[in-house]
Amino acid sequence: MKVSKLVGEWYDSEKRNLPWRKTSNPYKIWISEVILQQTRVQQGVDFYYRFIDTFPDVNNLAISSLDNVLKLWQGLGYYARARNLHRAAKKIIDVHNGIFPSEYSDIKNLPGIGIYTAAAIASIAFGKPYAAVDGNVARVLSRLFGIEERPDTITGKKKYQDIANDTLDKRNPGRHNQAMIELGALVCLPRNPLCQLCPLQNQCYAKKNNYIPLLPPKKPRTETTDRYFYYVVFYYTSHIYLQQRSNRDIWELLYEFPLIESNQEISKEELLKIIIDEFKLRSTILNVLKISKRYKHQLTHQTIYARFIKIKLYKKLDAKKFKLVPFAEINSYAVPRLIDKYIHDEPLLLPS
DNA sequence: AACGCGTGGTT
DNA sequence: TAACCAAGCGT
């Protein structure tokens with residue numbers, strides 16, 4: 001029997017009941033697909049509800065400030081997704097008269113939408129015959145047909161895409177794509193797949209040849225670098241200082257406390273000297289209240305070791321890149337998870 | 001075209 | 001515990 005028929009029937013009986021599967025609204029499909037880029041379904045569901053609740057349609061998203069979109073995205077990671085969502089919403093208003101485009105090429109040309117997401121939206125929301133190849137689908141295809149090429153290379157991408165195109169059920173591409181993805185997510189797992197539950201178990205190359213642990217081939221891990229962050233939590237009356245992170249680094253446009261960064265640990269004595277120098281202070285106008293424990297924050301390509309130095313100031317900071325924020329308002333700023341954890345550990349209250 | 005971008009669950 | 005991994009994209 002044909003692959004698409006087997007997987008499609010398996011999907012109809014075994015698919016999860018997920019919120020974005022109750023709609024064919026392209027805006028909602030789009031939001032769900034972007035949330036799910038490199039993100040687990042379980043983590044994405046709550047964000048999806050919050051997002052649709054806050055921005056029910058593309059116009060609501062487009063007229064929002066970027067800061068508000070980033071705030072909603074806080075905790076989900078890969079913040080370029082939020083920036084691109086906002087840009088794309090504006091483009092849909094400006095270029096497509098507020099109507100989500102139905103042509104594949106128009107969808108693909110929106111910021112943050114690559115070939116996978118364009119195919120997913122075109123097929124799921126508009127029923128167009130484009131095969132969506134994500135990590136799940138590549139894994140299923142690799143094992144099913146014994147493809148030994150890495151799916152993350154240029155030639156590999158083309159190969160998987162070609163095979164996916166051949167396998168696509170053109171009468172119902174939306175169902176087919178979701179079925180392939182769902183099979184990879186629930187049955188054809190990266191490790192210890194549940195082959196006895198698989199509708200393709202009788203025709204799977206990897207199962208027949210015991211190649212499952214080898215397919216698909218993975219790319220070697222790149223090394224991670226260590227960074228040492230010393231956040232200075234300046235208290236001035238009932239305010240603290242924040243600054244916005246700039247381009248070409250992690251957490252772009254998110255807010256954080258004034259930062260001293262180093263490529264190695266700094267002793268407490270040396271740190272205080274650096275702070276006084278860096279922020280143009282005198283030791284008479286500050287009072288070091290506490291230095292936090294060391295936080296270890298693991299990212300894909302770097303390990304951040306962070307400490308938070310709580311300092312009471314008796315004089316304002318000069319530089320205008322630092323923003324004086326009342327305690328009560330810090331929750332309206334989008335901050336990295338690391339900052340959020342610290343605030344949770346040590347609430348911003350001035351000791352009496 | 002290889003690399004950087006977050007976070008949290010799983011093993 | 002640390003490594004691995006997740007509905008990718010932009011540069």
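The chains referred to below are lettered A, B, ... by the order of the sequence lines, with proteins before strands, and numbering in each begins at 1. Model, not experiment: these values are computed from the prediction.
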[atom1] atoms of [N] and [M], separation to the nearest Å:
N: dG8(B); M: dC9(C); atom1: P; result: 23 Å
N: dA7(C); M: dA2(B); atom1: P; result: 23 Å
N: dA1(B); M: dG8(C); atom1: C1'; result: 15 Å

Earlier contact from the 5' end, DNA chain C, for L189(A) and G112(A):
L189(A)
Under 4.0 Å between any heavy atoms, over every strand shown, what does [X] touch: base, sugar-phosphate, or nothing? Just pick one.
X: W20(A); result: base
X: Q302(A); result: sugar-phosphate
X: A185(A); result: sugar-phosphate
X: L299(A); result: base
X: R21(A); result: base
X: G75(A); result: sugar-phosphate
X: R40(A); result: base
X: K218(A); result: sugar-phosphate
X: T117(A); result: sugar-phosphate

Quick one: is [N] close enough that its OP1 or OP2 comes under 4.0 Å of any side-chain N or O from [X]?
X: H297(A); N: dG6(B); value: no
X: W73(A); N: dC5(B); value: no
X: Q38(A); N: dA6(C); value: no
X: T300(A); N: dT7(B); value: no
X: Y78(A); N: dA6(C); value: no

Could you give the [atom1]-to-[atom2] distance, from [X] to [N], as a whole number of Å?
X: K341(A); N: dG6(B); atom1: NZ; atom2: P; answer: 15 Å
X: Q43(A); N: dT10(B); atom1: CD; atom2: P; answer: 12 Å
X: R139(A); N: dA7(C); atom1: CZ; atom2: C1'; answer: 11 Å
X: R81(A); N: dG10(C); atom1: CZ; atom2: P; answer: 13 Å
X: R16(A); N: dA6(C); atom1: CZ; atom2: P; answer: 13 Å
X: D340(A); N: dG8(B); atom1: CG; atom2: C1'; answer: 14 Å
X: D249(A); N: dG6(B); atom1: CG; atom2: C1'; answer: 13 Å
X: L76(A); N: dA7(C); atom1: CG; atom2: C1'; answer: 13 Å

Between [X] and [Y], is the ring centroid distance below 6.0 Å?
X: W251(A); Y: Y79(A); result: no
X: Y104(A); Y: Y130(A); result: yes
X: F55(A); Y: Y27(A); result: no
X: F322(A); Y: F279(A); result: yes
X: F308(A); Y: Y231(A); result: yes

CG of L110(A) to NZ of K90(A): how many Å apart, nearest 0.5 Å?
14.5 Å
Which one, dG8(C), dG6(B), dG8(B), comes nearest to the side chain of R337(A)?
dG8(B)
Please list, by residue number, the residues of residues 143-177 of chain A whose heavy atoms come closer than 4.0 Å to an atom of DNA chain C; answer none if no residue qualifies.
none
Can you list every side chain to side chain donor-acceptor pair (under 3.5 Å) pair that touches residues 209-218 of chain A, not counting sequence neighbours?
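Of all non-adjacent pairs touching residues 209-218 of chain A, none passes side chain to side chain donor-acceptor pair (under 3.5 Å).
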Please name the residue in the list Q298(A), H297(A), R227(A) that meets the side chain to side chain donor-acceptor pair (under 3.5 Å) test with T303(A).
Q298(A)
Closer to the 5' end of DNA chain B via nearest nucleotide, is it R191(A) or T39(A)?
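The answer here is T39(A).
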Checking T39(A) against R81(A): is there a side-chain donor and acceptor pair closer than 3.5 Å?
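The criterion, which ignores hydrogens and geometry beyond distance, is satisfied for T39(A) and R81(A).
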